[in-house]
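Numbering starts at 1 and runs along the sequence shown. In listed order, ligands and their atoms are each counted from 1.
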Amino acid sequence: MNKLIIHGGKRLKGEVEISGAKNAALPIIAATLLTKGSSVIVKVPNLRDVITMGKLLNHLGAEFYYEDRKAFINTEKVKIFEAPYDLVRTMRASVLVLGPLLAKFGKAKVSLPGGCAIGARPINLHLMGLEKMGAKIELQSGYVVANARRLKGTSIYFDIPTVTGTENLMMAATLAKGTTLLENAAREPEVVDLANALISMGAKIRGAGNSIIEIEGVDGLKPVEYSVIPDRIEAGTFMTFAGVTGGDIFIKGCRPDHLDALIIKLKEAGLIFEQKPEGIKVIGPSRPKATDVKTMPYPGFPTDMQAQFMTLMSIAEGTSVIKETVFENRFMHVAELRRMGADIIVEGSTATVKGISRLRGAPLMATDLRASASLIVAALAAEGETVIHRIYHLERGYERIEEKLLGIGANIKKVKEQ
Ligand code: EPU
C-alpha cells in the first residue's frame, strides 16, 4: 500500500489537465452490455475503479482492454449474468450492470452492496423501478436475483433523486417495450453523458438533465465510439487546492458550466475565476472567507465536494456552517482535520467550522475517496509535514494526482508503506 508525504505551505502555480469523469465512464462502460459487438470509450481515466469495471465485464464474458485512456469492449460473448460479491464489495458502481443485463438478457444476479464509509446506501429505488417494469426480484444469500421476459415501459417516481438508480433504470428502459417516464430523476451531468452515449447507440431518450426523463424502448442498440465528459469533481478539487494555497492554477479541459454551484460558493469565499475557451483560471485569496454550504443533488452543491470545501473553510476568516443532506455519514474527514488543529464541531448532519489561521501537518488516515482528497487540501495548506496513509481510496478516483500536483509546484511524494 502507498502513502503520500506532503510538505505544505507552497503556493501552487501552473496548469493541470482534467481527466475524463470516473462517474460518467463507469455507467457508459456498463451500458455497452446493451449492445452486441465492439465499442470504444475514450477519455476514460486510468483508475482502479475503471479496471474493476473491466474485470467485471471480463467475468461476464465480454472482452475488455484498456490502453491510452481508451476502453475497448467487445460484448459478443457475454454468457454470465452475475456480478459477484468480491467485485461489488470493492466497487459499489458494479451494481450498474443490473439494468443492462436484465434488459438485454432477461436475467441478472448482482451482489447487494453493503453500507460503506459514507452511509447505508441502499439500492431499494433501483429495485422498485425494475419491479415496476415487470421484473421479478428476489433476494438470495445476499444477492439480488432479477428475471424478466421483456421489461415494460411504465412511470417511475424516485422518492430521492438517485444518480446510479436513474442510470440503471434509464439503461433498462432503452430496451423495454413501450415508453418509460423517470420522474424526480437525478440531473447530474454524468446522467446526461450516459444518456448521450445511449442515444449514440440508438436509444430514444428525451429530457436527460431535467427531472423527468422519457425513454421510448427500442428493439436493439448498436456498439459505439464515445468520449466521456471531463471530471467535474477533479476540477473542483483543484479549485480548492488553489483556494488553500493562494495559488494560481489554470484548470484545462474542464466544464465550468458543470460546476456553477461550487464556483459561486468559491467566489463568495474569495477565489477569483477567469474563464477561457480551454478551461478556467483560479486564483486563491490570501485567506479564504467563511462561507456556508448545504449539499444537494445537482444542480445543488455537490456532496462530492463537501469535504474539500470544509477543509478550505477550516482556514477561513470567520465561522461557516456546512450541512450534508445527501449522505448520512460523510464527515469522516473531520476527526483527521481536527488532528491538524482544525476547530470543527459536528452535530448530526451539520458541521460548524471556526476558521483558524494555519493547520499543522500530522500523520493522517484516508477513509473514503473524497475525504482522502480533502486531506490533500489540508496537507497543502498546513505548516510542516503531513503523511497520508491508506491512499488506495484516492487511487480509485483521482488519476495521477501526485504527478499533477508536482507539476504545479507541490512538495508531494508517493512512497510505499513499510
Ligand atoms: N438512495 C436510497 N435508495 C436508493 C438509492 C439511493 O435511499 O435506491 C439514497 C442514498 O443512500 C443517498 C441518496 O439516495 O442518501 C443519493 O444517493 P445516490 O444513489 O444518488 O448515490 P450513488 O448513485 O450511489 C453517485 C456517485 C457518488 C456520489 C453520489 C451523489 C457514482 C458511481 N457514484 O452515487 O460518487 O457521491 O452519486 O452525487 O456515480 C464518489 O465519486 O466519491 C462518489 C461517492
Side-chain angles (χ1 to χ4, degrees), residues 19-31 45 47-50 52-53 56 88 90-99 110 112-132 137 144 156-171 182 184-194 211 228-229 231-237 258-259 261-262 295-308 324-330 332-333 349 366-374 392-399 401:
S19 302
K22 164 180 85 82
N23 288 348
L26 296 174
I28 292 170
I29 293 171
L47 295 172
R48 174 106 51 96
D49 274 5
V50 166
T52 306
M53 186 56 93
L56 175 54
V88 178
T90 50
M91 186 186 66
R92 302 179 55 85
S94 307
V95 80
L96 284 164
V97 300
L98 176 61
V110 173
L112 200 58
C116 76
I118 61 176
R121 302 183 76 182
I123 58 161
N124 58 309
L125 299 172
H126 306 222
L127 303 184
M128 169 279 296
L130 292 173
E131 268 183 333
K132 276 205 85 179
I137 303 219
V144 173
I156 296 165
Y157 173 81
F158 294 103
D159 288 329
I160 306 172
T162 152
V163 175
T164 48
T166 301
E167 291 168 348
N168 238 337
L169 294 180
M170 186 165 69
M171 290 189 279
L182 300 179
N184 199 25
R187 298 157 66 185
E188 271 67 5
E190 294 76 16
V191 172
V192 178
D193 206 32
L194 171 64
S211 54
V228 305
I229 53 170
D231 197 314
R232 65 193 166 103
I233 304 301
E234 186 196 17
T237 302
H258 290 165
L259 283 161
L262 175 69
T295 65
M296 300 280 271
Y298 192 86
F301 186 96
T303 172
D304 287 344
M305 282 303 303
Q306 178 259 108
Q308 303 89 311
E324 172 60 58
T325 75
V326 178
F327 290 111
E328 62 275 22
N329 186 25
R330 216 171 190 184
M332 300 283 279
H333 46 287
S349 61
T367 47
D368 66 85
L369 173 56
R370 308 302 170 187
S372 309
S374 78
Y392 62 84
H393 293 288
L394 263 179
E395 292 164 351
R396 282 188 33 226
Y398 287 90
E399 190 178 50
I401 190 159

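No part of Leu26 comes within 4.0 Å of ligand 1, judged by heavy-atom distances. Contact annotation: for Arg121 versus ligand 1, heavy atoms closer than 4.0 Å belong to both the backbone and the side chain. At a heavy-atom cutoff of 4.0 Å, ligand 1 is contacted by both the backbone and the side chain of Thr164. Heavy atoms of Arg330 found under 4.0 angstrom from ligand 1 belong exclusively to the side chain.
Using a 4.0 Å cut-off between charged side-chain N and carboxylate O, Arg330 and Glu324 make no salt bridge.
For atom 21 (O) of ligand 1, the closest heavy atom belonging to the protein is Phe327 CZ, 3.7 Å. The nearest protein atom to atom 14 (O) of ligand 1, hydrogens excluded, is given as Ile160 CG2, 3.5 Å; this is a heavy-atom distance. Distance from atom 30 (C) of ligand 1 to its nearest protein heavy atom, with residue and atom name: Thr303 CG2, 3.8 Å. For atom 19 (O) of ligand 1, the closest non-hydrogen atom of the protein is Thr162 OG1, 2.7 Å.
Of the listed residues (Leu125, Val163, Val95, Val191), the one carrying the non-hydrogen atom nearest atom 37 (O) of ligand 1 is Val163. Nearest to atom 39 (O) of ligand 1 by heavy-atom distance, out of Asn23, Asp159, Asn124, is Asn23.
No side-chain heavy atom of Arg232 sits under 4.5 Å from any side-chain heavy atom of Asp304. Inter-residue side-chain proximity for Pro45 and Asp231 is flagged as unmet; no heavy-atom pair is nearer than 4.5 Å. By the 4.5 Å heavy-atom criterion applied to side chains, Met296 and Thr303 are not counted as neighbours. For the pair Leu369 and Tyr398, the minimum side-chain heavy-atom distance is below 4.5 Å.
Contact atoms of ligand 1 toward Ile123: 4 (C), 8 (O) (distance under 4.0 Å to a heavy atom of the residue). With ligand atoms numbered from 1 in the order given, ligand 1 contributes 8 (O) to contacts under 4.0 Å with heavy atoms of His126.
Taking only nitrogen or oxygen atoms, main chain and side chain alike, Glu167 does not reach within less than 3.5 Å of ligand 1. At least one N or O atom of Lys22, backbone or side chain, sits closer than 3.5 Å to an N or O atom of ligand 1. For ligand 1, the polar-atom distance check finds an N/O of Val326 within less than 3.5 Å of one of the ligand's N/O atoms. Below 3.5 Å of separation, one finds an N or O of Asp304 facing an N or O of ligand 1.
Test Thr164, Thr162, Val144 against Ile123 for side-chain contact (heavy atoms from CB on, under 4.5 Å) and you get one pass: Val144. With Val97 as the fixed residue, the side-chain contact (heavy atoms from CB on, under 4.5 Å) test singles out one of Ile29, Asn168, Leu56: Leu56.
For Pro122, the closest heavy-atom approach to ligand 1 falls below 4.0 Å. Distances from ligand 1 to the non-hydrogen atoms of Arg370 include at least one value under 4.0 Å.
If you take CG on Asn23 and CG on Asp49, they are separated by 8.0 Å, rounding to the nearest 0.5 Å. Rounded to the nearest 0.5 angstrom, His126 NE2 and Leu98 CG are separated by 8.5 Å.
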What's the verdict on side-chain hydrogen bond (donor to acceptor under 3.5 Å, both in side chains) for Gln306 and His333, showing C-alpha distance, side-chain angles and the deciding distance? CA-CA 10 Å; Gln306 178 259 108; His333 46 287; 3.1 Å; yes
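Between the side chains of Arg187 and Ser211, not a single donor N or O lies within less than 3.5 Å of an accepting N or O.
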